[in-house]
Amino acid sequence: MKLAGDGRGGGRPRKGRTTPLRLDLHVHSAFSDGRDEVEEILEAAFEAGLDGIAITDHDTLEGSFEAERSVRKRGLHLLVVPGVEVSTSDGHLLALGVRELPPSGRSPEETIEFVRARGGISIVSHPYHPFRHSMYRIPGCDAVEVFNSKFIFGLANFWARRGATRLGLPMVAGSDAHSARSVGLGVTIVTVGEDGDVLEAIREGRVEIDGKRTPPVAFLGQMGRWVKKRLRGGERR
């Protein structure tokens, strides 16, 4: 699948070569519950030395579409992977490469089928993290987020990696950033061929992980904001 509005520039693979791309596949903007606007996120991604980013707001593609428009307008050498974090009946699921919003509230299996029928891939996000709308299981998805940068001890990431290994599924990382300063803390290095097909490379497991933990003060600060929102009216994180 060729991704539109990518502004790849120097990131485009040369003929007959493979190219590793540093991507953050799990980022939230102010279009859902992130603190910062898309422009700030793109600047942070560029400053972090990323080749691309997926803005995966909760149940909306508008952040992704805004990122594509901004990259094209500004001529940034930054790949934008269309994405959304879908609220399934069991927990959160990342859908990448889709331009039609998957309905929320369906089972993970139904959502995965919807995404695949439209040429995208599904990644179960933070499957074992407590208080994070996690599934506590791994459905038949295309990849598993085994490194989520928002952790204290890393046990949930360990269980995710263990589950992905047992099922033979590709393993990816994501910052799960809710502010621009956390962008790039969870990086998936995706090795693409000359066609530049990121989604196919992930499906085939041509991925590596490079991650750093979100500073605890930032993580706990976000948790505090989430609790306040829940107390004020049950707003979803």
Side-chain angles (χ1 to χ4, degrees), residues 1-9 11 21-88 92-102 104 111 115 118-126 132-133 142-143 145 147-150 172-190 196 198-199 202 211 214 218 222 226 236-237:
M1 176 182 180
K2 186 176 180 181
L3 302 174
D6 55 26
R8 276 181 250 196
L21 301 178
R22 295 179 60 83
L23 310 176
D24 191 337
L25 300 176
H26 190 172
V27 176
H28 297 278
S29 78
F31 276 93
S32 63
D33 60 344
R35 294 183 62 183
D36 297 319
E37 301 295 334
V38 168
E39 292 287 341
E40 296 173 84
I41 291 169
L42 295 177
E43 290 290 343
F46 193 78
E47 290 297 320
L50 297 180
D51 296 298
I53 192 170
I55 295 183
T56 53
D57 286 314
H58 295 286
D59 301 311
T60 177
L61 284 160
E62 291 308 310
S64 268
F65 295 157
E66 177 64 24
E68 288 181 335
R69 288 191 291 267
S70 181
V71 162
R72 284 194 294 263
K73 181 179 178 180
R74 300 170 61 188
L76 292 177
H77 291 177
L78 195 67
L79 171 70
V80 175
V81 182
V84 57
E85 187 164 24
V86 185
S87 300
T88 76
H92 287 172
L93 186 77
L94 298 175
L96 302 184
V98 294
R99 309 193 72 80
E100 180 181 349
L101 183 65
S104 62
T111 306
V115 171
R118 287 153 182 81
I121 63 172
S122 297
I123 300 171
V124 61
S125 48
H126 46 69
R132 304 282 295 282
H133 299 280
D142 298 295
E145 184 184 74
F147 183 91
N148 182 292
S149 75
K150 291 164 61 177
V172 301
S175 68
D176 200 357
H178 284 67
S179 66
R181 66 180 178 177
S182 296
V183 171
L185 291 180
V187 173
T188 305
I189 304 170
V190 182
V198 169
L199 304 184
I202 294 174
T214 298
Q222 185 197 327
W226 176 76
R236 184 175 63 251
R237 182 163 64 91

Please answer whether the main-chain N or O of S122 pairs with a side-chain N or O of D142 as donor and acceptor at a distance below 3.5 Å. yes
Main-chain N/O of I41 paired to D36 side chain as donor or acceptor, under 3.5 Å: no
Which heavy atom of D33 sits nearest to which heavy atom of H178, and what is that distance? OD2-NE2, 3.2 Å
Which heavy-atom pair separates D51 from L21 by the least distance, and what is that distance? OD2-CA, 3.4 Å
Please report the interatomic distance CZ(R35) to OG(S182), rounded to the nearest 0.5 Å. 9.5 Å
Rounded distance [0.5 Å steps], CD1 in I123 versus OG1 in T188: 7.0 Å
Nearest 0.5 Å, what's the CD1-CZ distance between I53 and F46? 13.0 Å
Within the 4.5 Å heavy-atom criterion, are E66 and I55 side-chain neighbours or not? no
Are the side chain of D59 and the backbone of S87 linked by a donor-acceptor contact shorter than 3.5 Å? yes
Is it the case that the side chain of T56 and the backbone of E85 share a donor-acceptor pair, with hydrogens and angles ignored and the cut-off at 3.5 Å? no
For the residue pair F31 and T60, what are the closest heavy atoms and their distance? O-CG2, 3.9 Å
Here the pair of heavy atoms bringing H26 nearest to G174 is CB-CA, 3.9 Å
Heavy-atom side-chain contact between S64 and V84 under 4.5 Å: no
Among V187, V183, T214, exactly one meets side chain to side chain contact (heavy atoms under 4.5 Å, CB included) together with S149. Which residue is that? T214
If you look at every heavy atom in L94 and S125, which pair is closest and at what distance? CG-CB, 3.8 Å
Any side-chain heavy atom of P82 within less than 4.5 Å of one from E68? yes
Parallel, tilted or perpendicular, judged at 30° and 60°: which one describes the rings of H92 and H58? tilted
Paired with E39, the salt bridge (Lys or Arg N to Asp or Glu O under 4.0 Å) test is passed by just one of R69, K73, R74, namely R74
S29 side chain to G34 backbone, donor-acceptor under 3.5 Å: no
For S175 against N148, the heavy-atom pair lying closest together: O-OD1, 4.4 Å
CG/L93 to OG1/T88 distance, rounded to the nearest 0.5 angstrom? 6.5 Å
Hey, does R132 have a side-chain heavy atom less than 4.5 Å from the side chain of K150? yes
